[in-house]
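A quick write-up on the structure given underneath.
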Amino acid sequence: MTGFPRPWTDGRWRRVSLRTRVELALAATAVLVPLVLSVTVWTVVTGYVVGQRERAALAQAESNVTVVGSALERPEPSVPDVLEGLPRATDTAILLRHRGEWYGTSLATDPEALPSAFLDVVTSGTAASQRVELGDGPVLLVGLPVGGMTYIQVFPLVELDETHRTLSAALLGLSTAAAAAGVLLGRVAGRRALAPLTPVIEATRSIAAGNLTTRLDAAGDPDLDEVARAFNSTAERLQQRVAEDERFAGDVSHEMRTTLMAMLNAFELVESGPALPRRSQEPFALLGRELRRFSVMVEELLEISRAGDGDGELVLEQVVIGELVAAAADRTAGRPVTHVSPRVERRRMRVDKRRIVRAVTNLVHNAEIHGSGVVQVAVEPYAQGVRIFVDDAGPGVPPDRRERIFQRFATDTPGGVGLGLSIVARHVSQHGGAVWVGDRPGGGARFVVELPGEGS
């Protein structure tokens, strides 16, 4: 048997519907895309801003080093005055190591607070830069050698850090909003994407319920139209096959019925004659039972085949439904077994008499033969229609078989044919009703037929 490939059905995915999986996939995509974009934007922007800040700081430090070098070449220069006169932002500090001593501007940081590794590199005559946390926040250290001296400029990065936080908050907010919108869009898109499957599901259910004339209309979409054509072609072939089988069953049943009637007539003629020898009585009785069972099977096959002969239309008549059910049930059981509620004693309904009588007859016969006898047949009011209860004294029907027994040839009972209940289901369904089986209070099975008021 072939089916849809389902690599996702391992583990807990088995309990998740296709629609939910599609919605989750679309929602996950809608969440991941803005998240990836946000991370990318944050990385690119912050990298660019930091790079620009570092290049600007290095350019200013190199310019100041040139000025310091020129100023200190003059006789008896004042190092603090030289440093204070350098162009810089008000929050930028400068340190200079000249002739073994450290000099600095008013905001200068204690050299001991600087990373020792950084100082070692710069004092050895190598230019270096490093981002560190000092005092009130992050700073950028730029160290440059100048004529045997060491020049260090400290650039605060507090504003840059605030810019990063502002950008992060903005991107997080946008990502959250986009994710929420994406989840909503995923649900809407998932439902819209799978909406075309609804007619397919309904058509499949209709076929399964026995309506083989069900077809799918073209949707105007190339992919969906291909599905519709394949479905309709399959349904057409199935309908033709069922019709051929029913015609075959009907033809064979008619031929068997002719021969069977002759055999039954001969049997009844012998049965009504002189008593048979004692040793022949038991096999003769067995022959009678088998002939009557075979007769029931042939009648049921003929009933099944009538749909293939154009007998699908209901012939509706106004009847007193309680009287119709009681007559069919009591005749089949061979004794009074029917109770009609006073509220429906005179209830008239439009039904196909032959089909309703057949349905009741089959249910009562099933209870008599396979259910240890009918306990009661009840007719009760239900909305504008009626419910017919057929209770038996048997062991009941296990829950896992309660749907299967209404299918053709579905029987586990020795001597059973498996057509009677399927005929009941078809006739009741044609009236717009339903039939099911449950437990009878006190034990046994209870078959329920529900007929709507209009009988259509």
Side-chain angles (χ1 to χ4, degrees), residues 35-173 175:
L35 179 61
V36 171
L37 288 176
S38 297
V39 172
T40 303
V41 169
W42 189 89
T43 303
V44 172
V45 171
T46 54
Y48 175 78
V49 172
V50 170
Q52 287 290 92
R53 178 60 169 158
E54 290 179 347
R55 285 190 290 273
L58 182 59
Q60 183 180 0
E62 290 176 345
S63 176
N64 288 345
V65 164
T66 302
V67 174
V68 169
S70 300
L72 294 181
E73 290 177 356
R74 297 194 296 269
E76 299 182 2
S78 174
V79 176
D81 292 340
V82 171
L83 297 180
E84 292 292 348
L86 293 175
R88 68 184 192 283
T90 55
D91 55 354
T92 301
I94 298 175
L95 290 170
L96 182 67
R97 189 171 184 272
H98 178 60
R99 296 177 181 176
E101 294 186 16
W102 284 99
Y103 297 88
T105 58
S106 57
L107 298 178
T109 304
D110 185 354
E112 298 295 332
L114 302 180
S116 57
F118 174 79
L119 285 176
D120 293 341
V121 171
V122 177
T123 55
S124 66
T126 303
S129 63
Q130 184 178 348
R131 293 187 65 185
V132 298
E133 291 284 338
L134 285 180
D136 296 332
V139 297
L140 174 64
L141 303 178
V142 178
L144 298 171
V146 50
M149 298 175 293
T150 300
Y151 176 89
I152 297 175
Q153 191 161 350
V154 182
F155 297 89
L157 299 178
V158 175
E159 292 184 358
L160 183 62
D161 199 51
E162 291 178 354
T163 301
H164 287 175
R165 285 197 294 269
T166 302
L167 178 63
S168 300
L171 291 176
L172 179 60
S175 298

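- Take Thr66 and apply the side chain to side chain donor-acceptor pair (under 3.5 Å) test, not counting sequence neighbours, and it matches no residue.
- Considering only residues two or more places apart in sequence or on other chains, Arg55 meets the side chain to side chain donor-acceptor pair (under 3.5 Å) condition with Gln52.
- The distance from atom CG of Leu96 to atom OH of Tyr103, rounded to the nearest 0.5 Å, is 8.5 Å.
- Between the side chain of Thr43 and the main chain of Val39, a donor-acceptor pair closer than 3.5 Å is present.
- Using a 4.5 Å heavy-atom threshold, the side chains of Pro145 and Thr150 count as separate.
- A distance of 5.0 Å separates CG of Asn64 from CD1 of Ile94, quoted to the nearest 0.5 Å.
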Contacts under 3.5 angstrom, residues 113-123 side chains, donor-acceptor by atom type, not counting sequence neighbours:
residue: Thr123; atom: OG1; partner: Leu119; partner atom: O; Å: 2.6
residue: Thr123; atom: OG1; partner: Asp120; partner atom: O; Å: 3.3

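- Contact between Leu140 and Ala57 at its shortest, heavy atoms only, is CD2-CB, 3.7 Å.
- Interatomic distance, CG of Leu58 versus CD of Gln153, reported as 10.5 Å (0.5 Å rounding).
- Taking the side chain as every heavy atom from C-beta outward, Val154 and Leu141 approach each other to under 4.5 Å.
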